[in-house]
Structure formats: C-alpha cells, structure tokens
Protein chains: 2
Amino acid sequence: MAEQRIPRATAKRLPIYYRYLNILLDADKTRVSSTELSEAVKVDSATIRRDFSYFGALGKRGYGYDVPKLIEFFKKILNQDQLTNVALVGVGNLGHALLNFNFHQNSNVRISAAFDVNDNIVNTVQSGVPIYPLSEMGKQLRDQQIAIAIITVPENTAQEVTDELAKADVRGILNFTPRRLSVPDSIRVQNVDLTNELQTLIYFIDNYGELLGGNEKSQD
Amino acid sequence: MAEQRIPRATAKRLPIYYRYLNILLDADKTRVSSTELSEAVKVDSATIRRDFSYFGALGKRGYGYDVPKLIEFFKKILNQDQLTNVALVGVGNLGHALLNFNFHQNSNVRISAAFDVNDNIVNTVQSGVPIYPLSEMGKQLRDQQIAIAIITVPENTAQEVTDELAKADVRGILNFTPRRLSVPDSIRVQNVDLTNELQTLIYFIDNYGELLGGNEKSQD
DNA sequence: GCGGTCTTGTTAGCTTAATCACAACGACAA
DNA sequence: TTGTCGTTGTGATTAAGCTAACAAGACCGC
Ligand SMILES: NC(=O)c1ccc[n+]([C@@H]2O[C@H](COP(=O)([O-])OP(=O)(O)OC[C@H]3O[C@@H](n4cnc5c(N)ncnc54)[C@H](O)[C@@H]3O)[C@@H](O)[C@H]2O)c1
Ligand SMILES: NC(=O)c1ccc[n+]([C@@H]2O[C@H](COP(=O)([O-])OP(=O)(O)OC[C@H]3O[C@@H](n4cnc5c(N)ncnc54)[C@H](O)[C@@H]3O)[C@@H](O)[C@H]2O)c1
C-alpha cells in the first residue's frame with residue numbers, strides 16, 4: 001500500500017483546517033461540508049476535499065464531514081496529541097512578545113526554554129519560561145529533548161546561533177531574522193520575514209491592483 | 001508591447017534580492033553573479049536569472065550583474081524610492097514589538113499611526129508613533145493617505161476592525177491574527193499565522209524528515 | 001585582435017498545485 | 001422501500017513554477 005506522501009501545499013493548510021474545526025466543535029457543530037469550510041478558511045472547496053482525500057475517505061456523501069472525527073484524526077497527524085517543547089533564542093523586542101504569547105492557547109506547543117546573551121535577563125524567568133545564558137544552550141536542548149528553535153536575535157548573530165543549534169541536533173528552525181541561514185540537510189528552516197511580507201504587499205497593491213477581478217481566492 | 005505581468009512567486013522574491021544587493025553594496029561589491037547570489041539567498045541560480053529576465057536584460061554575459069544598477073532598478077519596482085506609511089491596529093504584545101522595530105532600518109516603510117481601544121495607551125506616543133482611539137481611525141487613515149494596515153488585535157475583533165479598514169479604503173492588510181478575514185475584492189490580505197508556521201514545521205519534521213536527501217532547496 | 005573562459009538569457013521538459021465537473025453514493029423524507 | 005437531494009471523492013484539465021542544459025554573447029589576458 002503506497003503510503004502516499006502528502007503534498008507540501010496540503011501540509012501547510014492542515015493547521016488552518018484543524019484550527020477551524022475546533023472552533024466549530026466549541027460551537028457544538030458536529031458536521032460540516034467542504035463548501036462551508038471553504039467559506040471560513042478561504043480555500044476552494046475542491047481543494048479541501050482533495051486535501052482530505054489524501055488521508056482516505058473521511059467524509060460521507062450527501063452528508064459532509066463529522067467534526068469530532070476529523071479533529072481526532074488531524075490531532076494525530078499534526079502531533080497535537082502530545083505537547084511539543086520549543087526553544088526561543090533572543091529575548092528582545094520580538095522574542096519577548098512571543099514568550100508572552102507562548103502559543104499554548106490553541107495549540108499544543110509551548111516555549112519551554114529561552115536563551116540570551118544579555119546579563120540583565122539571563123537567569124530570570126519571564127512568563128514562566130526560564131532564560132538561560134547562551135553557554136547552556138547545548139546542554140539544555142539535549143536535556144529537554146528540544147528539536148525546534150525560534151530565532152529572534154539580531155541579524156548579524158543569526159548564523160552563529162544557527163551553527164550552535166545544529167550542533168545540538170535541532171531539527172527545525174523558525175527564523176525571524178532577514179538573514180537566509182545555511183544549515184545541514186537534517187535541519188528544516190521556516191523563514192518569517194516581516195519586512196519582506198510588507199514590501200511584497202506594497203508591490204502587489206501597486207502593480208496587481210486594478211486587474212484582478214473577483215477571482216481573488218487564496219490570500220497569502 | 002506586452003508588458004508582461006510578473007509571476008506571483010517572483011514578486012515574493014524581489015524583496016529578498018533587494019535586501020541582499022544592498023548588503024553587497026555596503027561591502028563595496030559592485031558586481032555579482034547569479035551563482036553567488038544564489039548561495040546567499042538560497043534560491044536556485046536559474047530561478048534568479050529567470051526572475052531578473054522578466055524585467056529585461058539586466059546583466060552582462062560573462063560578467064554578471066551590476067549591483068548599483070540592479071538596486072536602482074529594484075528600488076523603483078518595489079516603491080522603495082519613496083516612504084510608505086502604514087497603520088498598526090492593536091498595540092498589545094505583538095503590536096508593541098512591531099512599533100518598536102518599525103521597519104525603517106532597511107526599508108522605506110514605517111508605521112506612522114497606531115490605533116487601540118485601551119484608554120491607558122490611547123493618545124500617547126510610543127516609539128515616536130502616536131496612538132489614536134479607534135474612533136479616529138477612518139479620519140486619520142484618510143488624512144494621512146494610508147493604504148496599508150497591520151492587524152494585531154485579539155482574534156475575535158479582527159473581522160470588525162477589518163470592516164472599518166475597508167470603509168477607510170485601505171488597499172492591503174497584513175493580518176497577524178489566526179482568523180481568515182473576509183474582504184472586498186479591492187483589498188489584498190497577507191496572513192502571517194505564527195502558530196500555523198510552527199505546526200507546519202513540526203509536521204514536516206515528523207513526517208518528511210528522513211527521505212528528503214540533499215535536494216532541500218527553497219526554505220519556506 | 002584572438003582564444004579561452006565566464007555567465008547570461010531562454011528553451012524545453014518536468015513537477016507541483018489548483019480547479020472543473022460529474023458519477024457514485026449515502027442521507028433522509030414520505 | 002423508494003426516490004430525491006446533497007455532498008463527496010476523483011479523473012481530467014489547466015495553470016504555475018522550477019530547473020537542467022546550452023547557445024549566444026561579453027570579458028580578459030596575452
Ligand atoms: N521586532 C520586530 O518587530 C521585528 C520585525 C521584523 C524582523 N525582526 C527581526 O527579528 C530579530 C530580532 O528583532 P528584535 O527587535 O527583537 O531585536 P532586539 O535587539 O530587541 O532583540 C535581540 C535579542 O537578542 C539577544 N542576542 C543578541 N545576540 C545574541 C546571541 N548571539 N545569542 C542569543 N541572544 C542574542 C539580545 O540580547 C536581545 O535580547 C531581528 O533579526 C530583526 O530583524 C524583528
Ligand atoms: N503575541 C504573539 O507573539 C502572537 C503570536 C501569534 C499570533 N498572535 C496574534 O496576534 C494578535 C495579537 O496578539 P497579542 O499577543 O499582541 O494580543 P494582546 O492582547 O497583547 O494585544 C491586543 C491589543 O489589541 C487591542 N484591541 C482590542 N480590541 C481592539 C479593537 N477592536 N481595536 C483596536 N485595538 C483593539 C487591545 O487593547 C490590545 O492592546 C492575536 O490575534 C494573536 O492571536 C500573537
């Protein structure tokens with residue numbers, strides 16, 4: 001049995017579906033159609049059905065999808081049935097906001113350790129998360145079995161921090177700096193470049209504006 | 001003359017190129033090849049040449065690209081030759097970090113007005129940016145000719161804020177809330193969903209890890 | 001001026017993703 | 001039980017994007 005690999009584009013949408021399904025459940029809705037979902041998450045209904053179908057026949061024809069069933073299913077797929085600890089490197093402006101937020105409202109992810117070079121904050125606890133000096137990073141990551149790190153350090157130190165993370169066998173990095181990181185094949189990088197995001201938006205508005213009619217579908 | 005429309009994927013890369021070109025110039029490098037650029041921004045060199053070629057023949061064979069010339073060119077394309085004012089709605093955790101950062105280090109964009117409902121911060125100035133009450137939003141946006149807004153409000157107020165922005169004829173929204181916004185066709189939305197980003201990263205690591213060999217190219 | 005060396009610009013093929021459109025099938029009412 | 005209606009799952013089609021490969025052209029040392 002072929003164990004089909006899920007397309008990248010589909011994988012990126014799974015958390016969006018998962019999130020909205022939980023909202024439905026909170027509102028005591030136990031069934032949903034692809035059309036209805038489409039409306040809420042702004043993804044074409046055919047795309048949703050195709051996405052779901054990669055995992056088998058999850059719905060019932062003439063009825064739709066059973067919300068609790070879908071949730072249970074996606075919870076496993078997305079590893080949301082267990083807590084994932086991640087690390088934060090660089091507790092400045094942005095890092096502080098992320099620490100405070102800490103993701104645990106609607107997802108089973110939390111920042112369990114933070115690292116910085118600033119002596120004023122090192123060895124304190126912020127929003128319930130201990131901040132360690134950089135020198136302890138390797139040890140802590142290994143002890144706590146942390147495989148994912150968020151980088152919010154100044155751009156010019158991003159690569160060296162990354163190299164340290166690689167040594168500690170981190171598997172994934174969420175990179176908020178504008179620097180494109182060099183990493184070994186074993187590490188996956190996800191860039192979040194807010195300045196880019198804004199510039200791209202400006203470009204689109206100035207150059208694409210007039211001639212996209214009602215065909216505006218996926219927004220990203 | 002056909003005035004070819006630039007592919008969306010290319011448009012998203014332009015700010016990345018632009019940024020790195022400026023770094024090169026700061027280091028007094030006046031020429032660069034697609035291969036060298038590729039190394040730095042982690043985009044295949046053929047893709048870079050293709051991207052550039054949409055704008056005409058910008059390089060010289062056997063030589064490469066002239067950095068100052070490229071910068072001048074992209075500066076216009078990306079509207080970086082003039083200051084773009086944007087608004088920020090919701091000065092909480094995340095909004096505060098963005099205000100402080102304010103993008104003006106390496107881009108010609110700045111937050112020039114912020115809005116909130118919290119009486120404790122309304123009518124103060126933070127990081128040089130005035131914070132107005134929500135009731136003044138329409139007026140300020142129009143007076144300051146602001147066409148782009150960043151939304152960092154709690155999820156449950158995101159849609160109503162959006163509706164207000166639409167009334168003020170905003171053209172683009174950078175949405176940090178997990179809610180997928182409903183907007184008229186005239187508005188472009190760019191979602192930045194950090195929880196999603198993390199969940200997707202976790203999914204990829206747990207499910208794609210082993211079998212992607214050295215072919216790991218574009219990281220996003 | 002010339003040969004060798006680089007690097008572009010672009011063609012062609014490939015891969016991934018989105019969308020249409022509808023037969024198949026289950027739900028539900030009578 | 002039967003017929004209608006609604007919604008899925010999916011083959012076929014179209015669109016978008018990526019990359020290998022290479023001819024054409026420009027540089028540079030001699
Ligand atoms: N703040 C924003 O809104 C924003 C927006 C877009 C991009 N960014 C990017 O995010 C990154 C962080 O931005 P910021 O505004 O939070 O910066 P910041 O200067 O406020 O914070 C950086 C933190 O990293 C720490 N640090 C420095 N070197 C370190 C090292 N080697 N190891 C560990 N920690 C180290 C500093 O002590 C500081 O606490 C930057 O690369 C910036 O370009 C930030
Ligand atoms: N903080 C993070 O790191 C983070 C990470 C991921 C996603 N987000 C998302 O970003 C959004 C903001 O997060 P936050 O942590 O900054 O929240 P926050 O509660 O700290 O800040 C929200 C701010 O919005 C203001 N506000 C409330 N209603 C408003 C309205 N109708 N108009 C204008 N302002 C209003 C509040 O007064 C407050 O200042 C949330 O949707 C959250 O899900 C935040």
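All chains are named by letter (A, B, ...) in the order of the sequence lines, taking the proteins before the strands, and each is independently numbered beginning at 1.
A cation-pi arrangement, defined by a distance under 6.0 Å to the six-membered ring centre and an angle within 45 degrees of its axis, is absent between R31(B) and Y65(B). Remark: R8(B) qualifies as a cation-pi partner of F204(A) under the 6.0 Å distance and 45° angle criteria applied to the six-membered ring.
Taking every side-chain heavy atom of Y65(A) into account, dT8(D) is the closest of dT8(D), dC20(C), dA21(D). Distance from the side chain of A46(A) is smallest to dA21(C) among dC18(D), dA21(C), dA27(C).
dT7(D) atom P lies 14 Å from atom NZ of K60(A), rounded to whole Å. Note: CG (D44(A)) to C1' (dA21(C)) measures 12 Å, nearest angstrom. Rounded to an integer number of Å, the gap from L58(A) CG to dT10(D) P is 11 Å. What separates CZ of R61(A) from C1' of dC28(C) is a distance of 17 Å, to the nearest Å. The distance between atom CD1 of I48(A) and atom P of dT8(D), rounded to the nearest whole Å, is 9 Å. One atom, CG of D220(A), and another, C1' of dA17(C), lie 14 Å apart when rounded to the nearest Å. In this structure, R49(B) places its CZ atom 16 Å from C1' of dG17(D), rounding to the nearest Å. The nearest whole Å value for the distance from the CZ atom in R50(B) to the P atom in dG13(C) is 14 Å.
Applying a 4.0 Å cut-off to non-hydrogen atoms, the residues of residues 28-39 of chain B that approach DNA chain C are S33(B), S34(B), listed by residue number.
Shortest non-hydrogen contact noted between K69(A) and L58(A) is NZ-O, 3.5 Å.
Residues G56(B) and D51(A) both approach DNA chain C. Their nearest nucleotides, taken by heavy-atom distance, put G56(B) toward the 5′ side.
Results of the side-chain contact (heavy atoms from CB on, under 4.5 Å) test with Q199(A) over Q80(B), K12(B), R19(B) single out Q80(B) as the only residue that passes.
Of the charged side-chain nitrogens involved, at least one lies within less than 4.0 Å of a carboxylate oxygen, so that K29(B) and E36(B) count as a salt-bridged pair.
Contact annotation for F52(B): no contact, since no heavy-atom pair falls under 4.0 Å across all strands.
Ring geometry for F74(A) versus F52(A): interplanar angle of 30 to 60°, hence tilted.
An OP1 or OP2 oxygen of dA18(C) is reached within less than 4.0 angstrom by a side-chain nitrogen or oxygen of R13(A). An OP1 or OP2 oxygen of dA18(C) is reached within less than 4.0 angstrom by no side-chain nitrogen or oxygen of R8(A). The phosphate of dT19(D) has OP1 or OP2 within less than 4.0 Å of a side-chain N or O from T47(B).
Listed by first and then second residue, the salt bridge (Lys or Arg N to Asp or Glu O under 4.0 Å) pairs involving residues 54-68 of chain A amount to none (not counting sequence neighbours).
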